[in-house]
Amino acid sequence: MSEAPHNEQALHLLQTVFGYPSFRGQQGEIVDHVVRGGDALVLMPTGGGKSLCYQIPALLRDGVGVVVSPLIALMQDQVDALAEVGVRAAFLNSTQTYEEASRIERRVRNGELDLVYVAPERLLTPRCLELLEASRIGLFAIDEAHCVSQWGHDFRPEYIKLSVLHERFPAVPRIALTATADHQTRGEIVHRLQLENALQFVSSFDRPNIRYQIVEKANGRKQLLDFIESEHAGDAGIVYCLSRKKVEETAEFLNQSGIAALPYHAGMEFTQRSKNQARFLREDGIVMVATIAFGMGIDKPDVRFVAHLDLPKSIEGYYQETGRAGRDGAPANAWMAYGLQDVVQQRRMIDESEADETFKRVQGGKLDAMLGLCETLSCRRARLLEYFGQPATPCGNCDNCLTPAVSFDATVPAQKLLSAIYRVDQRFGAGHVIDVLRGVDSDKVKQWRHEQLSTFGIGADQSEAEWRAILRQAIALGLVAVDYDAYNSLKLTDDARPVLRGERKIQMRQYQKPVKQKRASTKPKSYVESDLSPAEQALFDKLRWWRVETARKHNVAAFIIFHDSTMREIAKAKPMSLGELRGVTGVGEKKLETYGAEIVALIEAMQ
């Protein structure tokens, strides 16, 4: 290594290899610290540039950088992306033959690689640990470090054993990285990975380009279709569902409605799942309908929306999943349809799980925070950031800021609801209780003679949908519980007493009937600012077609060639020489050498 300051060398690599003019946020400070041999814990939002924080130090330090990653299915794309910029990278995982793995191991031993990606299960084998001890290691990067947390949404038991890195390689710096960790998870990462002496770099969790929107669920699938057609026709997106069956049905529904959609869940055959993932990554405009088994580490930069048809279990999970939208910094949407059944379903899953009471209590607390985000009358982004310990002011770009929610004094409706539950002896579910409130003469009401109750019909002035919204909020507020052992019957909690006695006032969100979205009123402001002129748009479209063909020839995902943001900049700059193209963000020396002449020729042909 030369005597030039680390940050000067790092900046040179950033510009010439990766094609970026300068470091963002804390990147430069993190790189410099790790290059000098320091341990680090990095919390940076998805799309914030975490990978550069270990890739550049791996290039600057002597030895190979070992990246521990749980994302076997994505290692090939990560290695392909590095190869495109001239970095010597490989991976070791269970998809390889013995001969392929042996060849990579020889390259590690001989110092012929800059980076090697290893799954945690593979790393912990005696063979792999012996390989590392026989090789020169520059650093260890532990990606998706939140997987170490037993309380988290992506727990991987193997991650707990990664303390072996500190024990067996005490002189090698370690950098643990994640996009999602509350204070509890952060503490567990430090403890489990023995990073007590590591510097912590916590970036803002804010993703200002993402618009958060949560709508009252009526017909979730139809609402999703309206959202995609009005906001994101032809865009790549991800739709999350809780069950495998719902994934399959939703993907089929979207395809029948003219939207190219693929299913993804753990119950599918591995080959089909991998094939669908590859299509999503390599083709434009595909919508992936998936369980949470899909998504961690997905590096597709132009995902324009993430939609949830079921309530996530925690804010960490929600943040992680919505963070897969808009990694390129362009406007993106996080949309969710949420209703009473979501609350009931998530509570039941916690109550019926075989976990111990402590775990159930923690998960219950996380769900309460998620419900709080759904029911908040204030800015959703501020609520999200405050959960991660970051103060925030109203963003002006979420649904609650753009169309402020109307709150009302719901004390009397809440008392009516609680009284009705009490009068039917706390033995019936939501549908029957609402029928009693609305004065519906159903067979069940007649069978139990509930039309004779004093609460029969006292809520006839409100619709079924309005009562469902009130009940959902009552459950979220902890006034009502659902007994899953007794046919989902509604029960009053101790917190209901002061409300019934008039000792506690209740504020709720006013029910609003779902409306079909209109494109003009919901398009984020920044879309207008990034619009291209007709000539620039024509060049951008031509570049996209060129990228598709080039990616096919190279057998890599299209975004590995160039991100949309880079091609948009090329379309605006119209570089007529390699020298002019060199200044475009995302065009490093290797890509300039590989693709520069073709791009300049394409631009000249369109003049």
Side-chain angles (χ1 to χ4, degrees), residues 14 18-25 27 44-53 55 74 77-78 80-82 84-85 179 203-212 228 231-238 280-288 295-307 319-335 381 397 523-532 536-537 539-541 543-548 550-551 556-573 583-588 591 595 599:
L14 181 74
F18 297 97
Y20 297 112
S22 58
F23 285 111
R24 284 191 288 162
Q27 278 179 329
M44 195 177 280
T46 305
K50 289 189 295 297
S51 55
L52 287 172
C53 295
Q55 287 170 349
L74 297 171
D77 281 332
Q78 290 164 326
D80 286 345
L82 287 166
E84 281 291 322
V85 297
S203 301
S204 170
F205 282 87
D206 191 16
R207 292 283 306 282
N209 61 315
I210 295 179
R211 172 177 293 174
Y212 299 97
I228 295 174
E231 286 276 300
H232 292 289
D235 286 343
I238 303 171
F280 174 74
L281 288 170
R282 293 173 185 230
E283 294 179 27
D284 289 330
I286 300 280
V287 174
M288 182 68 91
M296 185 166 54
I298 285 293
D299 204 21
K300 189 175 173 70
D302 59 345
V303 174
R304 295 270 64 86
F305 70 90
V306 169
Y319 179 83
Q320 182 95 3
E321 287 147 26
T322 56
R324 286 153 196 159
R327 289 175 64 110
D328 54 7
N333 277 302
W335 179 93
R381 187 185 312 277
N397 191 37
K523 204 71 168 164
K525 292 170 279 188
S526 17
Y527 267 99
V528 178
E529 296 163 7
S530 65
D531 273 355
L532 303 171
E536 289 165 351
Q537 185 66 48
L539 178 52
F540 178 69
D541 291 341
L543 286 165
R544 279 174 70 104
W545 279 112
W546 166 83
R547 183 179 66 174
V548 167
T550 306
V556 295
F559 64 83
I560 285 175
I561 305 293
F562 286 118
H563 284 193
D564 275 2
S565 54
T566 297
M567 296 201 303
R568 199 174 287 116
E569 198 174 325
I570 292 172
K572 286 183 174 182
V584 173
T585 300
V587 183
K591 288 193 177 183
Y595 306 118
I599 290 172

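This one's a predicted model, so the numbers in the text were calculated from it and none came from an experiment.
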Do Val306 and Ile210 make a side-chain contact, defined as non-hydrogen atoms from C-beta onward lying under 4.5 Å apart?
no

Are Ile599 and Phe562 packed together at the side-chain level, in the sense that at least one heavy-atom pair is separated by less than 4.5 angstrom?
yes

Would a 4.5 Å heavy-atom cut-off, applied to side chains only, mark Val303 and Arg327 as touching?
no

Looking only at non-hydrogen atoms, find the nearest pair between Tyr212 and Thr322 and report the distance.
CE2-OG1, 4.0 Å

Any residue meeting ring pair (Phe, Tyr, Trp, His ring centres under 6.0 Å) with Phe305, in chain and number order, not counting sequence neighbours
Phe227, His232

Could you check whether any side-chain heavy atom of Trp335 comes within less than 4.5 Å of a side-chain heavy atom of Glu231, counting everything from C-beta outward?
no

Could you measure the distance from the CG atom of Asn209 to the CG atom of Asp328? Nearest 0.5 Å is fine.
7.5 Å

Taking side-chain hydrogen bond (donor to acceptor under 3.5 Å, both in side chains) as the definition, give me every residue that meets it alongside Thr550, ordered by chain and number, with sequence neighbours left out.
Trp546

Test item: Lys591 side-chain N/O and Ile561 main-chain N/O as donor-acceptor pair under 3.5 Å:
yes

Determine, step by step, whether Ile560 and Arg282 satisfy the side-chain contact (heavy atoms from CB on, under 4.5 Å) criterion, reporting the C-alpha distance in whole Å, the side-chain angles of both residues, the deciding distance to 0.1 Å, and the verdict.
CA-CA 9 Å; Ile560 285 175; Arg282 293 173 185 230; over 6 Å; no

Between Arg207 and Gly326 (side chain of the first, backbone of the second, donor and acceptor by atom type, cut-off under 3.5 Å), is there such a pair?
yes

Partner set under side-chain contact (heavy atoms from CB on, under 4.5 Å) for Ser203, not counting sequence neighbours:
Gln26, Met44, Pro45

Does some side-chain heavy atom of Leu543 sit less than 4.5 Å from a side-chain heavy atom of Arg568?
no

Residues passing the side-chain hydrogen bond (donor to acceptor under 3.5 Å, both in side chains) test with Tyr595, sequence neighbours excluded, are Glu84

Minimal heavy-atom distance between Gln55 and Phe18, with the atoms involved, is OE1-CE2, 3.6 Å

Calculate, to the nearest 0.5 Å, the distance between atoms OG1 and CZ belonging to Thr566 and Phe559 respectively.
12.5 Å

Applying side-chain hydrogen bond (donor to acceptor under 3.5 Å, both in side chains), name anything that partners Arg24, two or more places apart in sequence or on another chain.
none

Gln27 side chain vs Gly49 backbone, donor-acceptor pair below 3.5 Å
yes

With sequence neighbours left out, write down each residue that passes side-chain hydrogen bond (donor to acceptor under 3.5 Å, both in side chains) with Arg381, or none if nothing qualifies.
Asp206

Residues at least two apart in sequence or cross-chain that pass side-chain contact (heavy atoms from CB on, under 4.5 Å) with Ala558, listed by chain then number, are Arg547, Ala551

Partners of Phe205 by ring pair (Phe, Tyr, Trp, His ring centres under 6.0 Å), sequence neighbours excluded?
Tyr319, Phe388

May I ask you to test the Asp284-Asp302 pair for a side-chain heavy-atom distance under 4.5 Å?
yes

To the nearest 0.5 Å, how far apart are CD1 in Ile570 and OG1 in Thr585?
10.0 Å

Between Arg304 (side chain) and Asn333 (backbone), is there a donor-acceptor pair under 3.5 Å?
no

Starting at NZ of Lys572, measure out to CE of Met567 and round the result to the nearest 0.5 Å.
14.0 Å

